[in-house]
Amino acid sequence: MHIGELAEETGLSLRTIRHYDDVGLLPATSRTEGGFRVYTEADLARLLVIRSMKPLGFTLEEMAELLDALGRLDGVDPSPGDEALLVSYISEATAKREKLARNLRQADEFIHSLQTR
């Protein structure tokens, strides 16, 4: 698929997808003779992982580390530390999600206090 289709599927902007390509998180699988990026379903799945990590505040480096480990775990050559790394990211993502939920509850309480004045 072309970058526009990928953007439509994910809700991300073309600029964001190009940025992820430029920093090496989502290199296009191939390019057409005209130089247009071409992406696969695997690229789409990778981008969905990136999109899910972004609101949790993971850095680009952390995203790359997890994506590399996931790629090895899905392949035939996982490293011994990949499972442990995955468990670590699950724990960290859970903690970050809980913090976001707390912040959301506090925001709801604030809005409610303003509405009841």
Side-chain angles (χ1 to χ4, degrees):
M1 70 185 80
H2 290 274
I3 193 169
E5 296 167 285
L6 195 62
E8 190 174 312
E9 287 281 328
T10 61
L12 296 172
S13 69
L14 299 175
R15 182 177 181 211
T16 297
I17 295 170
R18 285 188 192 106
H19 174 69
Y20 291 149
D21 184 358
D22 292 341
V23 298
L25 272 182
L26 186 74
T29 297
S30 64
R31 289 188 180 255
T32 65
E33 287 183 21
F36 293 103
R37 295 168 172 91
V38 179
Y39 296 94
T40 64
E41 290 296 321
D43 296 327
L44 172 60
R46 186 176 174 93
L47 186 55
L48 292 173
V49 172
I50 294 168
R51 186 185 73 180
S52 297
M53 292 180 78
K54 189 65 179 157
L56 294 173
F58 286 100
T59 66
L60 296 175
E61 292 79 17
E62 290 169 325
M63 290 177 190
E65 179 182 49
L66 179 60
L67 288 164
D68 289 345
L70 290 173
R72 288 188 300 270
L73 286 167
D74 289 342
V76 294
D77 193 25
S79 79
D82 288 336
E83 272 302 323
L85 184 66
L86 180 59
V87 168
S88 171
Y89 272 96
I90 290 169
S91 176
E92 189 174 351
T94 300
K96 289 176 180 252
R97 191 223 172 271
E98 288 170 359
K99 182 178 180 186
L100 286 171
R102 263 192 319 277
N103 288 344
L104 185 57
R105 282 192 302 275
Q106 290 172 347
D108 288 342
E109 290 169 7
F110 173 68
I111 291 167
H112 179 73
S113 72
L114 292 176
Q115 291 173 331
T116 57
R117 289 190 147 222

For Lys54, which residues count as a salt bridge (charged side-chain N to carboxylate O under 4.0 Å, His left out) partner, sequence neighbours excluded? none
Could Asp21 and Arg15 be called an ion pair, given the rule that one side-chain N must be under 4.0 Å from one carboxylate O? no
Over 12 foreign heavy atoms within 6.0 Å of CD, Glu62: yes
For Arg46 and Leu25, indicate whether the former's side chain and the latter's backbone hold a donor-acceptor pair under 3.5 Å. yes
Nearest atoms (heavy-atom pairs only) where Gly57 meets Lys96: O-NZ, 3.6 Å
Output yes when a side-chain donor or acceptor of Arg51 lies under 3.5 Å from a complementary backbone atom of Thr10, and no otherwise. yes
His19 and Leu26, any side-chain heavy atoms less than 4.5 Å apart: no
To the nearest 0.5 Å, what is the distance between CG (Leu100) and CG (Leu56)? 6.0 Å
Minimal heavy-atom distance between Pro27 and Gly24, with the atoms involved, is CD-O, 3.6 Å
Interatomic distance, Leu44 atom CG to Tyr39 atom OH [nearest 0.5 angstrom]: 11.5 Å
So do Phe58 and Leu66 actually touch side chain to side chain, heavy atoms under 4.5 Å? no
If hydrophobic clusters are built by linking Ile, Leu, Val, Met, Phe, Trp and Tyr wherever their side-chain heavy atoms come under 4.5 Å apart, do Val38 and Phe36 end up in the same one? no
Rounded to the nearest 0.5 Å, what separation is found between the CG atom of Leu60 and the CE atom of Met53? 10.0 Å
Between Asp68 and Glu65, is there a donor-acceptor pair closer than 3.5 Å when you use the side chain of the first and the backbone of the second? no
Less than 4.5 Å apart, any side-chain heavy atom of Ile3 and any of Leu14? yes
Could you verify whether a donor N or O on one side chain and an acceptor N or O on the other, from Ser13 and Thr16, lie under 3.5 Å apart? yes
Polar side-chain atom of Ser91 near backbone of Ser88 as donor-acceptor pair, under 3.5 Å: no
Once side chain to side chain donor-acceptor pair (under 3.5 Å) is applied, do any residues pair with Glu9, and if so which ones, sequence neighbours excluded? none
Say you draw a straight line from CE of Met1 to OG1 of Thr40; how long is it, rounded to the nearest 0.5 Å? 7.0 Å
When rounded to the nearest 0.5 angstrom, what is the spacing between CG in Leu73 and CG in Asp82? 4.5 Å
May I ask you to test the Met63-Val49 pair for a side-chain heavy-atom distance under 4.5 Å? no
So CG of Leu6 and CD of Glu8: to nearest 0.5 Å the spacing works out to 10.5 Å
Under 4.0 Å between a Lys/Arg side-chain N and an Asp/Glu carboxylate O for Arg102 and Glu98? no
